[in-house]
Amino acid sequence: MPSITLPDGSQRHFDNPVSVMDVAADIGPGLAKATLAGRVNGELVDADTVLSSDAELSIITSRDDDGLHLLRHSTAHLMAQAVKQLFPEAQVTIGPVIEDGFYYDFAYERPFTPDDLEQIEKRMSELVKQKIPIQRSEIGRDKAVEFFDGLSEAYKAEIIRDIPADEVLSLYEQGDFTDLCRGPHVPSTGHLGHFKLMKLAGAYWRGDSDNEMLQRIYGTAWANKKDLKGYLHRLEEAEKRDHRKIGKQLDLFHLQEEAPGMVFWHPAGWTIYQVIEQYMRDRQREQGYKEIRTPQVVDMSLWERSGHADKFGDDMFSVETDDRKFALKPMNCPCHVQVFNQGLRSYRELPLRLAEFGSCHRNELSGALHGIMRVRGFVQDDGHIFCTEEQIQEECATFIDFLHSVYEDFGFTEIIYRLSTRPAQRVGSDADWDRSEKALADALDAKQLDWKELPGEGAFYGPKVEFSLKDCIGRVWQCGTVQVDFSMPGRLDAEYVDAGGERKVPVMLHRAILGSFERFIGILVENHEGKMPLWLSPIQLKILNITDRQREFSEKLEKSLSDQGFRVETDLRNEKIGLKIREATLLRVPYMLVVGDKEVESGKIPVRTRDAVELEPMDLETLISGLKLELASRGRETLEG
RNA sequence: GCCCAUGUAGCUCAGGGGUAGAGCACUUCCUUGGUAAGGAAGAGGUCAUCGGUUCAAUUCCGAUCAUGGGCUCCA
């Protein structure tokens with residue numbers, strides 16, 4: 001008879017087989033009430049699962065991550081049940097758990113409306129009140145197909161048909177609704193309730209744009225009311241950091257209808273851009289890169305040879321003259337190969353690192369555009385390293401270190417690493433792909449980075465490592481990349497002479513750290529909530545006088561600071577100091593220097609930060625040296641100390 | 001490109017078949033005030049664009065463009 005071991009090591013003995021729920025009840029009625037499922041010998045099971053032999057058991061409640069996952073999954077089923085009751089003609093498809101919630105895709109004759117959403121949510125709450133038991137049953141594959149065909153659930157039946165015939169499937173039944181599901185689920189709908197339906201969207205069946213579009217409903221679900229409220233509040237706060245909102249507030253840039261997906265940079269935004277560009281230029285020089293500049297408009301034949309016209313022709317902006325067809329360059333690599341190809345290269349020149357702040361244009365699908373994160377005209381901090389096969393590993397390793405030190409200077413610590421491997425449509429031999437994929441994987445492993453593979457997501461000419469950052473609401477954006485390319489140099493006739501006097505084709509590494517200035521600045525703004533570190537702030541200091549009597553002193557102070565290279569402005573308007581401080585604070589100016597009669601007399605300057613911290617008045621030399629330290633350390637040391 | 005939503009003053013938004021309204025910003029005047037909004041007056045809009053319905057459209061309908069949320073795509 002079963003002897004159950006709990007996570008704390010204690011054991012309970014039973015004379016007869018017991019369910020997870022029985023054990024929970026044996027421990028205490030409170031726990032039984034909270035029980036959602038169990039983990040038996042490491043495997044997650046329903047609460048009514050019966051244990052007939054000795055086992056290790058942990059009771060799963062909504063406090064566990066597993067419990068929360070279950071809750072979300074069951075809420076997705078609850079939503080499906082509500083949808084089926086309200087719209088019997090709707091067909092169910094899939095409904096997985098995602099970060100913070102779930103979604104479910106339905107096929108229906110018309111799109112759901114926001115009103116429908118409200119109805120569905122209401123019905124869900126009613127079903128929760130009814131505390132409908134959720135029960136598992138098992139069924140053979142063919143029987144399952146028959147069952148769902150019988151319900152006219154064509155999508156479910158299609159999914160099941162793809163499952164091997166000898167597999168036993170599980171069904172979960174809650175009242176009038178039954179769904180195919182691996183489970184486990186919570187014992188009854190009564191355990192659910194802290195959810196909210198978030199948004200409606202279209203989504204292709206099986207993620208394929210050739211298929212019909214389904215109606216997707218996104219929802220969020222939490223263990224209790226407080227967590228749900230907390231989540232909604234966090235979302236609201238995060239939206240305040242949206243780069244489009246801050247871009248407007250701080251007058252950084254704008255976009256307009258006449259140039260969709262192209263950025264108009266304003267003085268403040270362009271200041272940030274230029275500081276970053278100069279920083280990257282300096283860092284790249286240190287790293288042995290040579291900066292170049294290549295044309296914007298290049299004959300289509302080059303893109304045909306490189307393979308881009310074939311794969312991306314539709315997305316290129318073309319320019320036709322009387323008898324020639326050109327394209328706005330969508331990327332820089334083929335142009336960099338042209339630079340490499342001038343003159344006969346020696347192996348002694350390798351690795352040759354060429355860099356360009358390369359302006360590119362791509363006619364992205366209209367629906368893909370997003371603020372300044374995904375645009376049609378952008379500038380890459382592009383670089384190509386021409387090297388021998390033996391040099392790949394070290395170049396990749398050096399590059400990864402370089403990237404890390406740059407990201408650190410900008411204040412990014414959370415980086416997502418992914419390795420994208422060979423896609424179906426590609427150029428180059430499998431042997432080349434084997435070698436280049438391994439080279440990248442080895443480089444990541446050598447740095448002991450936690451990376452994930454994205455099978456089939458590589459570029460058509462080679463595999464790539466992607467370095468991604470998150471925006472304010474957690475969306476992941478690729479910024480940096482390093483890619484190994486055995487194909488393009490050969491296609492574009494790049495050659496060098498090796499030590500033995502023989503002509504060889506070099507390997508090409510494509511790499512970027514920021515990715516594009518546009519996207520990187522967007523992410524940067526969101527991550528800092530617009531409070532850019534001193535070295536990146538468009539206006540670093542603002543001098544605010546109290547009355548006209550300090551006009552001359554203020555102007556002198558401005559000149560002293562500006563002579564030292566600081567970006568400083570003076571607000572001499574006939575306005576009250578409270579207003580001047582308010583406006584400078586809203587512009588996220590790091591330091592405000594308030595000048596009144598007292599300061600003119602003492603020569604000591606009080607500094608107020610954008611976070612309303614007031615520093616001890618200091619003399620000009622102290623201020624300047626403190627600011628310089630903050631700049632040089634890129635904010636690791638601050639004037640505040 | 002596909003699905004849904006949105007488009008009204010520089011910005012944030014309200015309104016609604018009879019040619020428009022608030023707050024902030026802007027301009028002028030008063031105020032020289034010590035740490036997040038001093039006061040008053042004024043100016044400002046082909047209600048995204050193009051068509052349709054109507055005696056009448058900014059409002060209803062359709063198309064287009066753009067933006068937002070997803071999907072797909074992302075060299």
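All of these numbers come straight from a predicted model, not from anything done at the bench. Every chain is numbered from 1 and lettered A, B, ... according to where its sequence line falls, protein lines coming before strand lines.
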From [atom1] of [X] over to [atom2] of [N], roughly how many Å is that when rounded to an integer?
| X | N | atom1 | atom2 | result |
| --- | --- | --- | --- | --- |
| A:K598 | B:U35 | NZ | C1' | 10 Å |
| A:L200 | B:A5 | CG | P | 9 Å |
| A:R110 | B:A5 | CZ | C1' | 15 Å |
| A:H254 | B:U67 | NE2 | P | 12 Å |
| A:F312 | B:G1 | CZ | P | 18 Å |

With no hydrogens and no angle check, do the side chains of [X] and [Y] hold a donor and an acceptor under 3.5 Å apart?
| X | Y | answer |
| --- | --- | --- |
| A:T220 | A:W222 | yes |
| A:Q550 | A:D597 | yes |
| A:T93 | A:K156 | no |

Please confirm whether the shortest side-chain N or O distance from [X] to OP1 or OP2 of [N] is below 4.0 Å.
| X | N | result |
| --- | --- | --- |
| A:Y218 | B:C4 | no |
| A:S366 | B:G1 | yes |
| A:K576 | B:G38 | no |
| A:R475 | B:G69 | yes |
| A:R608 | B:A36 | yes |
| A:H370 | B:G69 | yes |
| A:R244 | B:G69 | yes |

Measure from the side chain of [X], starting at C-beta and using heavy atoms only, and say which of [options] lies closest.
| X | options | answer |
| --- | --- | --- |
| A:V594 | B:U35, B:A36, B:U72 | B:U35 |
| A:N574 | B:U32, B:G69, B:A66 | B:U32 |
| A:K311 | B:C3, B:C74, B:G33 | B:C74 |
| A:K248 | B:G38, B:C11, B:G34 | B:C11 |
| A:R549 | B:G33, B:G1, B:C71 | B:G33 |
| A:E257 | B:A66, B:A36, B:C3 | B:A66 |

Item to check | Base partner of B:G17, which must satisfy Watson-Crick or wobble distances under 3.5 Å | outcome: none

On a whole-Å scale, what distance lies between the [atom1] atoms belonging to [N] and [M]?
| N | M | atom1 | value |
| --- | --- | --- | --- |
| B:U64 | B:A9 | P | 24 Å |
| B:A14 | B:G45 | C1' | 15 Å |
| B:C2 | B:A63 | P | 12 Å |

Checklist entry - NA contact type, A:A368, heavy-atom cut-off 4.0 Å: base, sugar-phosphate, or nothing? => result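 Base contact.
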
Checklist entry - With sugar-phosphate meaning primed atoms plus P, OP1 and OP2, does A:E457 contact a base, only sugar-phosphate, or nothing at under 4.0 Å between heavy atoms? => result nothing

Next on the checklist: Which label fits A:H510 and A:H384: parallel for a plane angle under 30°, tilted from 30 to 60°, or perpendicular past 60°?
Outcome noted: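 Judged by the thresholds at 30° and 60°, the geometry between A:H510 and A:H384 is perpendicular.
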
Next on the checklist: Parallel, tilted or perpendicular, judged at 30° and 60°: which one describes the rings of A:H243 and A:H370?
Outcome noted: tilted

Item to check | Salt bridge present between A:E569 and A:K542 (N-O < 4.0 angstrom) | outcome: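 So A:E569 pairs with A:K542 through a salt bridge.
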
